[in-house]
Structures are given as C-alpha cells and as structure tokens.
Amino acid sequence: MAKRILVVAASPRKDGNSDLLCERFIEGALEAGNIVEEVFLREQVIGFCRACDYCRDRDGACALRDDAASVLDKMAEADVVVLATPVYFYTMDAQMKVLIDRTVARYATLANKEFYFIATMADGDKALMERTFEGLRGFTDCLPGAVERGVVCGAGAWAKGDIEGSPAMDEAYEMGLRA
C-alpha cells in the first residue's frame, strides 16, 4: 500500500545540497509507489512561536496567521515525514527550528508517524552531524508513537552542488525506496 510522504525541505538556498538529497529521496520513494509531496520552508511565511498559550484554549489553533497551519496540516495527513536541513553551527537551520517550535499547538496530530532525517554540512566529519540529528530527535521524542526510520549525512558539502556524486546521493535514493 502506498504511503503518503511529506518532505519538509528547510534550506533557504534553492537547489542547494539538502534539496538535491531530497530530490534523490523522492525519486526512490516514487519508484517504490508512494505518494510524495515536498514543502520548501523558504517559500513559506512562518513566524516563531510566541508562547502566548492561545493554542491551549482553542484546540490547537494558533494566534499567528501564517503558513505554519498549512504545513502542519500536511504533516498530520502524511504517514511519513522527512525533515531535511542544512547544518549551521552543528545544528538544524532556523527555518526548521521555527517550524518544529510551531508544532507545539498541534503535536498530538503528529502521532504515529515515521520520520527520516536528511542533513548536509560543509565539515567532512559525519560524527559532528550527530548534534543536528539529536536536535531533530528531541522533537520526535515528544511525539507519541514517532519512529525514526533513517538518516542521511551529507558531509563535506559547502558549495552548491558539492553533494552530487557523493555516497549520500545513493543513500538518499535507497532510503526513499525503503520508505
């Protein structure tokens, strides 16, 4: 049975290295017969959580009127969520963190999802990327029934396109096939 997969691409740089890994994941996922949608956070207007508690009294509705609600709707409808981010100072970028923080109003709607993580960074030491994945796991650990299914580390990719030809491209494709 086909899974509904949402790829959340957080890179502010169009066609950057994490975008390229997302595309390879999507190729594999489509080949496996899944339904895939991709959301580019750079095309969304999403403000940061203001901790106003408006959502607590309104069944998860947020006081902010921006694009977060539509992205969260897509995440809630998906069976599988892929979180893809470039690594800035050994953690996820601000776009991803802002989205994650905005899930506070609706995190219960994200229960029982499968998650994949994709990250790229300039440094070639994959071990340093673990901080980024721990940050993403901090999010999924708060979601009831969330299961991490895989990660792709795109290390050593500074300039746009550096990831092409790397083993991470094949890993992303294979991960998409298994999704």
Side-chain angles (χ1 to χ4, degrees), residues 1-44 70-87 91-93 95-96 99-100 103 109-141 143-179:
M1 177 191 224
K3 291 181 182 177
R4 294 167 300 176
I5 299 174
L6 178 68
V7 177
V8 180
S11 179
R13 182 169 61 176
K14 186 177 186 329
D15 299 323
N17 293 307
S18 58
D19 280 0
L20 294 173
L21 288 177
C22 287
E23 292 308 313
R24 286 296 286 160
F25 179 95
I26 290 168
E27 287 174 32
L30 289 172
E31 187 174 318
N34 295 301
I35 301 161
V36 183
E37 182 176 2
E38 186 171 20
V39 172
F40 297 98
L41 294 184
R42 69 177 161 269
E43 297 173 359
Q44 311 299 310
S70 65
V71 175
L72 294 177
D73 286 344
K74 292 172 190 290
M75 290 174 75
E77 293 166 5
D79 302 306
V80 175
V81 178
V82 178
L83 300 177
T85 181
V87 175
T91 192
M92 69 187 87
D93 71 358
Q95 291 80 350
M96 181 63 74
L99 176 67
I100 287 172
T103 67
T109 66
L110 305 179
N112 304 312
K113 307 282 181 207
E114 296 178 11
F115 283 87
Y116 292 88
F117 305 140
I118 294 173
T120 58
M121 71 176 190
D123 197 303
D125 185 354
K126 285 184 180 183
L128 294 173
M129 203 176 288
E130 194 56 33
R131 294 179 197 167
T132 302
F133 295 127
E134 284 304 312
L136 295 169
R137 288 180 187 118
F139 166 56
T140 58
D141 285 350
L143 304 176
V147 178
E148 179 185 324
R149 293 287 186 211
V151 301
V152 172
C153 302
W158 174 267
K160 201 173 187 178
D162 279 354
I163 203 70
E164 292 184 272
S166 77
M169 292 292 280
D170 292 332
E171 292 168 17
Y173 175 78
E174 292 297 324
M175 197 164 69
L177 278 175
R178 293 188 310 270

Could you pull out all donor-acceptor pairs under 3.5 Å where a side-chain atom in residues 119-127 meets a protein atom, sequence neighbours excluded?
residue, atom, partner, partner atom, Å
D123, OD1, D125, N, 2.8
D123, OD2, Y90, OH, 3.1
D125, OD1, A127, N, 3.0

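- Listed by chain and number, the residues in a side-chain contact (heavy atoms from CB on, under 4.5 Å) with T91 amount to none (sequence neighbours excluded).
- Using a 4.5 Å heavy-atom cutoff, the side chains of M175 and I118 are in contact.
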Side-chain donor-acceptor pairs of residues 1-11 under 3.5 Å, sequence neighbours excluded:
residue, atom, partner, partner atom, Å
K3, NZ, E114, OE1, 3.1
K3, NZ, E114, OE2, 3.3
R4, NE, E77, O, 3.2
R4, NE, D79, OD2, 3.3
R4, NH1, E77, O, 3.0
R4, NH2, E77, O, 3.1
R4, NH2, D79, OD1, 2.9
S11, OG, R13, N, 3.0
S11, OG, R13, O, 3.2

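- Within the structure, the ring-ring contact (aromatic ring centres under 6.0 Å, His included) test picks out the following pairs touching residues 17-42 (sequence neighbours left out): F25-Y116.
- Between S70 and Q44, the shortest heavy-atom contact is OG-OE1, 4.3 Å.
- With D93 contributing its side chain and P86 its backbone, the two residues share no donor-acceptor pair below 3.5 Å.
- The two atoms that bring I163 and N17 nearest to each other are N-OD1, 3.0 Å, heavy atoms only.
- For the pair D15 and D19, the tightest heavy-atom approach, listed with the atom from each and the gap, is N-OD2, 2.9 Å.
- Counting heavy atoms of neighbouring residues, nucleotides and ligands inside a 6.0 Å radius, atom NZ of K160 exceeds 12 of them.
- Residue V36 comes nearest to A29 through the heavy atom pair CG2-CB, 3.7 Å, listed as atom of the first residue, atom of the second, then distance.
- Atom CE of residue M92 and atom CG of residue L99 lie 10.5 Å apart, to the nearest 0.5 angstrom.
- C22 approaches E38 most closely through the heavy-atom pair CB-OE2, 3.4 Å.
- Under the salt bridge (charged side-chain N to carboxylate O under 4.0 Å, His left out) criterion, E37 pairs with K74, not counting sequence neighbours.
- By the 30° and 60° cut-offs, the orientation of the rings of F115 relative to F139 is perpendicular.
- Inter-residue side-chain proximity for V87 and R131 is flagged as unmet; no heavy-atom pair is nearer than 4.5 Å.
- Closest non-hydrogen pair, C153 versus F133, comes out as SG-CE1, 3.3 Å.
- The pair R137-E134 meets the salt-bridge criterion, since a charged nitrogen lies less than 4.0 angstrom from a carboxylate oxygen.
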**Study point:** Candidate pair L136 and M96, rule side chain to side chain contact (heavy atoms under 4.5 Å, CB included), full reasoning
**Key:** CA-CA 9 Å; L136 295 169; M96 181 63 74; 4.1 Å; yes
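- Residues in residues 168-179 take part in these salt bridge (Lys or Arg N to Asp or Glu O under 4.0 Å) pairs, two or more places apart or across chains: R24-D170.
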